[in-house]
Amino acid sequence: MTQVFLAGVLGVLFSVGTYLVLRRDVVRVVWGITIISQSANVYLVTMGGFDGLGPILSGHGGGGPPPTDPIVQALVLTAIVIGFGTTALALVLTYRVYEEHGTIDMYELGGNR
Amino acid sequence: MTSPSGRTTVISQTVARIVVPIILVTAIALLFRGHNLPGGGFIGAVLAAVAFALVYVIFGLDFIQREILDISPDGSERHRLVENYRWMASLGLAIAVGSSLVPLVFDFPFLTQGVLFLEHLPLYGELEVASAFAFDLGVFFAVVGGLLTIVAEVGNE
Amino acid sequence: MFEEEPNRERSPSSLPFCLTTPKSALPTISGVQPTPEVVLAVVFLPFLAAAFTPAVYRLLGERTAYFAAAVALVTLGLVTDQYLAGAHGTVSFDWIPSLGISLAFYVDGLALLIAFLASGVGVLILTYSGGYMHGEPGQAKYYATLLAFMGSMLGVALAGDLVALFVFWELTSLSSFILIGHYTSEEASQYAARKSMLITVSGGLFMLVGFVLLVWASGQTTAIEGTTYSIPLLVEHADAIREVLMASALFVPVLALVGLGAATKSAQVPFHVWLPNAMEAPTPVSAFLHSATMVKAGVYLVGRFRPLFLPEEAAVLGDWTLIFAVLGLLTMTVAAILAVSATDIKELLAYSTASHLGLIIGAFGFANSYGAEAGAFHILNHASFKAALFLVAGIIAHEAGTRKIEKLGGLRKHLPVTGAIAVVASLSMAGLPPFNGFYSKELLFEATYYAAKDAGGIAWLFPVVAVFGSVFTFLYSIKFASLFFGDEPDELGHVHRPPVAMLVPPAILGVLVLAISAAPNVFIEALIGDVYGSVVPGEAHSFSVHFPTELTPYVLMSIVTIAVGAISFPFYDRIHDAINAVLRGPVRANWWYDNFVEGLTDTSVVVTPKIQTGLLRTYATWGLFGFVALALGGYAAAGVSMPAIDGLSVSLPIVLVLLVALVAAFAVDIAPSHVAGVLTLSIVGFMVAIFYIAADAPDLALTQLTVETLVLVIFLLVLDRLPAFYGDAPDRFVSLRDGVLSVAVGATVFLTVLFSTDASPNPLLKEFFIARAGVPAEHGPLFTDFGGGSNIVNVILVDFRGFDTMGEISVVVMASLAILTLIRMRGQGESQ
Amino acid sequence: MSTLVIAPLLVALVTAILTLLVRPSDLLQRTVSLLGGVAYLGAVAVLFEAVVLPLGSESDILVYQVSDWAAPFGITLVADGLSVFMLALAGLVSLVALVYSIASISAFGQRLSYHPLYHFMMVGVTGSFLTGDIFNLFVWFEVMLMSSYILVLFYSGREHTRAALNYVVLNLIGSAVMLVAIGGLYSTTGTLNMADLARRLADPAAYNIALLPVLGLSAVLFSVFALKAGLAPFQFWVPAAYRAAPAPVTAMLAGVVKKVGVYAIIRLYFTIFAAASLDLSFLGISGDSVLGFFGPVMFAMAAVSIVFGGLGAVGRDDVDGILAYSSISQVGFIVLPLAVAATAPSEAVTVLGVTAAIVYAFNHGLAKSLLFLASGTIQDVVGSDRLSDLGGLANRAPVLAAAFFLGALTLIGVPPISGFFGKFLVFQAAAEALAAGATGSALALAVALAGAILTIAYYTRAWNQVFWGRTTEMVDATLPARWTLGSATPPMADGGDDGLERLELTTQVTAAVVLALAAVGFGIGFEAVFEAANAAAHAALDTNAYVEAVLHGPGVGMEAGAGTGGGH
């Protein structure tokens with residue numbers, strides 16, 4: 001099932017994220033990454049389709065209508081937690097960058113190496 | 001060390017005193033029922049971490065150290081709390097890996113999970129024991145420990 | 001792999017190596033098989049001795065020279081042993097059998113000649129070093145490297161396998177690098193060492209490509225089974241190899257590639273530039289490596305491959321001749337002119353060496369037999385007189401304290417024996433009869449003459465150029481000899497007597513020059529005839545030379561050379577100045593080298609920071625551009641067509657939630673402050689959580705909600721400590737560029753989603769998990785083949801894909817460690 | 001099903017956790033860490049023996065179904081010639097770098113987090129080499145990255161934070177892109193298991209998968225691997241990150257972690273995606289498999305990497321900078337023969353190209369680690385790696401100089417050191433492709449030659465300035481006399497000449513020497529390396545054997561669902 005609406009939404013979210021990543025303010029860069037990685041998660045969930053039930057079996061033993069794809073949900077769960085870890089790291093890194101350099105302006109951090 | 005406690009109100013502290021235990025209970029419930037209903041080690045762990053984070057935001061780290069863990073928050077003890085969280089994370093990881101190594105002894109591959117049905121128990125009748133719970137418990141502690149280390153260390157600054 | 005176990009009994013089964021070349025395979029071989037142990041010892045004894053040299057130096061001190069000389073003497077003895085035994089053929093040890101590469105050695109006339117030079121001159125040079133290097137630093141390194149070099153050179157001479165040849169070839173370059181840079185703190189030494197390494201090793205790489213193509217060609221012929229790296233085998237099937245190369249238009253490229261290797265090593269124009277600088281090395285090194293042996297490797301290579309590339313019935317002006325005769329004669333002339341321009345005796349000798357190497361390569365370039373004769377003979381002659389002259393130059397530099405030509409003169413009073421040696425060697429170098437240099441030069445003239453006569457037309461340039469170049473050879477040779485005559489310049493201080501250790505080696509070489517001059521045919525019969533046999537295709541015969549008794553065209557060429565030389569010698573200084581006046585800027589090959597190397601460095605310094613700006617935006621721009629280009633390129637290349645779009649296909653709540661998320665994302669983009677941005681960002685996160693609910697993913701929704709809360713907390717905690725930097729006002733161009741890239745990324749993602757959601761592969765995995773997650777209706781008390789839970793997602797996480805979870809909790813624990821480290825390592829840095 | 005397959009991963013994982021748990025004792029922690037490193041190498045050796053040695057060029061494929069769920073449902077680990085070859089490199093380099101770390105990393109840092117992070121990095125590396133599941137690959141990438149992020153900024157100073165910021169952000173974008181690619185592949189093919197993916201790609205109709213978008217999606221994935229490998233235009237993070245990281249970490253990043261990207265490229269594109277037959281015709285790109293597209297792509301990226309990296313290195317004024325740019329160039333050399341292999345006119349050349357890449361990767365792993373360790377030692381002793389601060393070290397520290405020299409020669413490709421055979425095989429692959437009619441390979445040859453000349457140029461420059469030349473004041477002050485391993489005591493001018501520091505520095509030099517000797521040893525005994533690499537290349541190219549082993553091998557009986565569950 002072509003998901004043209006979701007394709008559009010994800011496209012725009014990635015655009016916004018990309019634009020933020022290219023900014024000078026380190027905090028905005030972190031926002032950009034957050035948006036991009038959340039969009040990636042949404043994309044994965046989209047792969048599961050929207051026409052089933054929640055992936056909880058009604059009682060032990062199965063039966064009932066087919067649930068949505070549980071695999072992508074498991075994958076996204078993993079991705080969310082990993083994403084949390086990296087976002088936290090990026091944030092603390094931002095703080096440490098500020099401590100070391102006294103600025104969070106990418107241009108001022110620059111230097112050709 | 002700056003403590004944000006000065007900026008929180010009595011109301012928020014009161015609310016927290018009520019809400020935090022509820023969250024913690026919910027978190028543990030999520031951990032236990034995870035195999036059959038929405039929940040599991042992850043979600044429980046993150047929720048528990050949220051509860052602690054709430055306490056921290058509202059009361060400050062000093063409060064936890066002083067009131068809950070009975071540690072005086074001066075120089076040498078400064079990292080004690082974080083150390084405890086870190087232990088919890090390490091232990092959680094050890095539980096998860098250790099429990100996954102058990103099947104190797106029985107000639108099953110790493111991480112093989114089994115389900116044991118104990119039947120005809122007095123009172124209980126039938127009890128389902130899934131080895132996956134041990135793994136989930138490891139996940140719970142690892143994630144709670146990890147997240148709390150992060151929150152506490154950041155807050156420590 | 002081979003092992004060296006010379007004492008084993010020599011039954012075929014117990015031998016750790018195999019003799020891969022039965023006599024039947026090489027029909028031209030007439031001698032006896034070389035002795036494997038001896039051949040191995042010849043090559044590896046010097047390496048072994050080199051390894052022990054530091055220890056020996058601790059024991060013997062400066063007398064290590066005589067230890068090294070003794071090693072060389074033993075090696076010379078072993079070579080002689082093989083020579084006297086009449087050894088001819090291949091010995092081979094397995095090295096990399098999977099590739100067909102073996103450590104093979106091939107003994108024939110050419111190999112023996114070079115081996116004699118390497119070990120024989122080695123003995124003299126190492127003895128001479130005992131006097132010359134007195135009190136110099138780094139002697140252990142010096143002797144170890146010289147011995148290793150000698151081993152490498154012997155390896156080059158004896159190699160019978162392309163890779164083995166290349167191995168020793170590069171090892172000679174390497175030892176040359178270390179020896180040229182002997183005075184490590186001198187800038188000139190460093191410059192010279194790097195130059196020689198850059199030129200010779202690069203050339204070697206080109207040669208390697210040529211070798212690889214040769215091996216490929218060997219695999220294409222039916223004449224050879226499989227592929228071969230064996231040089232004698234390639235030569236034996238030269239016709240078939242040439243045919244393959246011609247058919248695939250690779251003949252000239254291979255010639256050029258192998259030629260590049262030879263030209264760089266033997267300092268042929270325009271790669272001659274490294275040789276004069278190499279004179280920064282101690283003089284014995286110059287004499288050994290840069291006149292008698294290492295530079296001969298290129299010459300050797302040309303000789304070795306001559307029968308492979310040059311058919312028996314070759315055209316007079318074939319590809320081979322056009323490349324090597326032209327290259328050689330050009331080098332001979334240009335380098336001779338440069339030698340006249342030299343102001344330093346070692347520089348003069350260096351250019352002279354390049355010139356004479358050009359003579360040999362040029363001679364080998366001619367398809368007629370005189371060329372091969374000239375080349376073969378001149379290898380020996382040049383080594384004899386040039387090594388002697390270098391040692392003389394070393395004595396002059398050592399005892400007179402200068403190498404400047406203008407500061408030298410009348411040395412015969414102080415250095416009578418040296419003077420005598422110098423005169424003999426110089427006259428031989430000048431090509432004056434009756435010295436040995438004359439005979440080989442005469443053969444070259446003969447070769448050029450007949451080539452011109454046979455081909456006619458422009459080929460007449462060959463003899464003309466040969467004579468022209470020889471005039472300059474005459475000039476600088478006489479100039480060198482004249483240092484011992486005339487008046488002593490005032491600047492010349494006291495000249496010491498050289499120690500015996502320094503005098504005997506050049507004297508021996510001088511005697512050798514005289515001996516060859518007196519009885520050239522003895523030497524030809526003994527060895528040079530075999531060398532000739534090695535460098536001509538097909539059945540070989542020896543040759544002989546005679547003192548001219550009648551006026552042939554080539555005798556006339558010699559007379560012209562000497563006459564013109566004699567007439568112009570009084571004007572030597574003017575010619576010298578004139579050449580130096582012309583040699584400016586781009587006329588000098590050195591100008592190109594220096595500009596190339598400096599240009600590289602300068603370009604690097606200028607260009608690299610422009611690309612590696614240190615700015616994340618540059619990096620991200622390129623990376624994302626790469627992503628977009630790859631994705632779109634992939635879609636376009638596969639010819640994916642736009643899928644049919646059938647409505648929104650999502651429910652209204654999802655549409656609304658996502659629209660809110662979109663609006664929030666835009667709001668983040670234009671947020672007026674950090675806090676506002678973070679709060680708006682969490683709206684995006686919470687909308688995503690609601691989206692998960694709408695998409696029937698309760699676990700995800702719960703996780704997303706809680707994680708989002710935690711992220712918000714951490715964000716706020718961190719932001720509390722950050723300044724309110726918000727000065728993001730990029731110029732319009734930057735904004736536009738970023739905008740275009742963002743849209744491109746968005747469009748790529750849009751297409752990706754569209755294409756991937758269009759597919760509906762069979763849901764094998766999904767169905768399996770749904771079927772297997774729960775508890776089976778029929779089950780025993782213990783089971784592992786079902787998940788045993790009704791929350792399929794959780795069962796996947798802890799059971800089906802528990803391994804992912806293992807990695808994931810590791811990441812979380814590591815993230816906490818990471819943050820601990822980030823904060824606690826502050827100020828603990830190694831920044832010293 | 002043999003536990004051997006997962007053994008290296010478990011060893012690393014358990015070591016990581018143990019080093020977390022025994023933290024209170026420095027000595028115990030270091031001992032555990034070191035034993036873990038040794039055990040890891042041992043586990044790899046046993047696995048190597050089981051996989052590579054049995055059949056010569058046709059290596060065995062060992063499959064391990066984690067959690068006892070058969071492929072494609074569970075996560076499968078696959079140890080074939082290629083994986084095990086890369087593991088062997090990782091085991092070797094990681095142990096040496098670990099020993100070096102114990103000597104060189106500050107005691108505080110080791111106590112704080114260094115050891116667990118180091119072993120987690122090995123967990124990530126091992127998982128990436130072994131896994132047969134693309135999402136699992138993502139997870140191990142993340143494990144590897146998370147530890148590498150923090151190891152890069154371990155000392156948390158000015159340079160470190162700045163370098164790490166770029167490194168982290170670029171890789172976070174990379175992670176998101178990788179998720180998109182994996183999601184897309186799952187959506188279009190319905191599987192995550194690599195072998196299953198290959199099977200489905202080979203027969204799209206039977207599984208109703210959409211074949212055409214797979215090329216674009218695999219290209220998206222390629223950008224992620226190129227980022228990990230540091231190929232242009234994704235090379236930007238390399239120089240700063242390598243400079244910032246402590247020497248043993250840089251050695252690991254350059255020697256091992258980068259190779260994970262290379263491994264992923266070989267594994268996924270040559271083993272898996274090559275199974276799909278597609279008709280390509282686009283801007284001169286043609287072919288009947290995805291390799292027709294990736295051949296030119298890899299060539300372009302490799303060529304730019306070789307030239308840009310080489311050019312960058314020629315002008316640097318610090319040793320680490322030269323080595324880092326050299327790394328960019330050398331990865332180009334690894335990918336160049338892959339490009340040749342992808343478009344090779346014959347099967348033999350394809351095998352040769354992949355073998356060349358593997359051999360080159362191995363040599364580069366050894367040599368670049370060695371060089372970074374040597375450079376780190378110079379910094380520890382002299383206190384700087386600026387060319388202007390250095391000079392005359394060949395006389396003052398001849399052993400270190402010799403190790404560095406051998407490392408440089410390995411990368412220049414001087415025989416008989418192992419590096420030569422890397423260059424030789426690269427040339428051979430390109431030349432044979434050219435001779436067999438792939439005229440584009442002439443360009444590959446030209447690039448390789450140009451790159452090789454640049455390599456000579458920058459290493460000779462570094463050598464001249466650091467090891468030859470006049471002894472600078474800084475060197476004189478820190479190393480007033482000659483220091484060899486024999487004398488075992490670096491003569492320290494400053495106050496730091498206590499016995500411990502001497503031992504540490506000697507250990508550091510010894511680590512470099514061990515790698516140098518390995519490079520020489522593997523050159524002289526190249527036959528063994530070649531056989532293993534050739535087996536690896538055959539394993540990488542034999543899609544059928546891979547699919548067969550994973551999906552139908554011994555112990556795999558659940559593909560049909562074993563009656564109850566399967567959903568055909």
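Letters go in sequence order (proteins before strands), and every chain restarts at 1.
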- prompt: Should the pair A:Asp69-C:Lys766 be classified as a salt bridge under the 4.0 Å nitrogen-to-oxygen rule?
  reply: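 Salt bridge absent between A:Asp69 and C:Lys766.
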Rounded to the nearest 0.5 Å, how far apart are CZ of A:Phe14 and OG of C:Ser742?
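Going from CZ on A:Phe14 over to OG on C:Ser742, the span is 12.5 Å.
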- Task: Can you measure from CZ (A:Arg23) to CZ (C:Arg617) and round to the nearest 0.5 angstrom?
- Result: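 A:Arg23 CZ to C:Arg617 CZ: 6.0 Å, rounded to 0.5 Å.
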With no hydrogens and no angle check, do the side chains of [X] and [Y] hold a donor and an acceptor under 3.5 Å apart?
X: A:Thr103; Y: A:Glu108; result: yes
X: C:Ser756; Y: A:Tyr43; result: yes
X: C:Asp699; Y: C:Asn794; result: no

Region of [X] in contact with chain A, defined by heavy-atom distances below 4.5 Å:
X: C:Val688; value: side chain
X: C:Tyr692; value: side chain
X: C:Leu681; value: side chain

Do you know which of [options] has the most heavy-atom pairs under 4.5 Å to chain A?
options: C:Val743, C:Ile611, C:Leu658; answer: C:Leu658
options: C:Ile809, C:Leu765, C:Val795; answer: C:Leu765
options: C:Ile823, C:Thr703, C:Ile819; answer: C:Ile819
options: C:Leu722, C:Thr608, C:Thr618; answer: C:Leu722
options: C:Leu719, C:Val811, C:Leu754; answer: C:Leu754
options: C:Thr805, C:Leu662, C:Val812, C:Thr748; answer: C:Leu662

Would you mind telling me which of [options] has the largest number of heavy-atom pairs within less than 4.5 Å of chain C?
options: A:Leu10, A:Val30, A:Val45; value: A:Val45
options: A:Val16, A:Thr78, A:Leu75, A:Leu89; value: A:Thr78
options: A:Ile35, A:Thr94, A:Val42; value: A:Val42
options: A:Val76, A:Val9, A:Leu77, A:Leu20; value: A:Leu77

Could you tell me which non-hydrogen atom of [X] sits nearest to which non-hydrogen atom of [Y], and how far apart they are?
X: C:Ala665; Y: C:Val684; value: N-CG2, 3.6 Å
X: C:Gly614; Y: C:Tyr619; value: N-OH, 2.7 Å
X: C:Gly787; Y: C:Asp799; value: CA-OD2, 3.9 Å

Using modelled atom types only, decide if a donor and an acceptor are shared between the side chain of C:Arg826 and the backbone of C:Leu822 within a distance under 3.5 Å.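 No; zero donor-acceptor contacts below 3.5 Å.
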Proximity breakdown for A:Met47 and chain C, heavy-atom pairs closer than 4.5 Å: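 Side chain of A:Met47 only, per the 4.5 Å heavy-atom cut-off to chain C.
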Next item on the list: Give, as side chain, backbone, both or neither, the part of A:Val29 having an atom under 4.5 angstrom from any heavy atom of chain C.
Entry: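 For A:Val29, the contact with chain C is made by the side chain alone.
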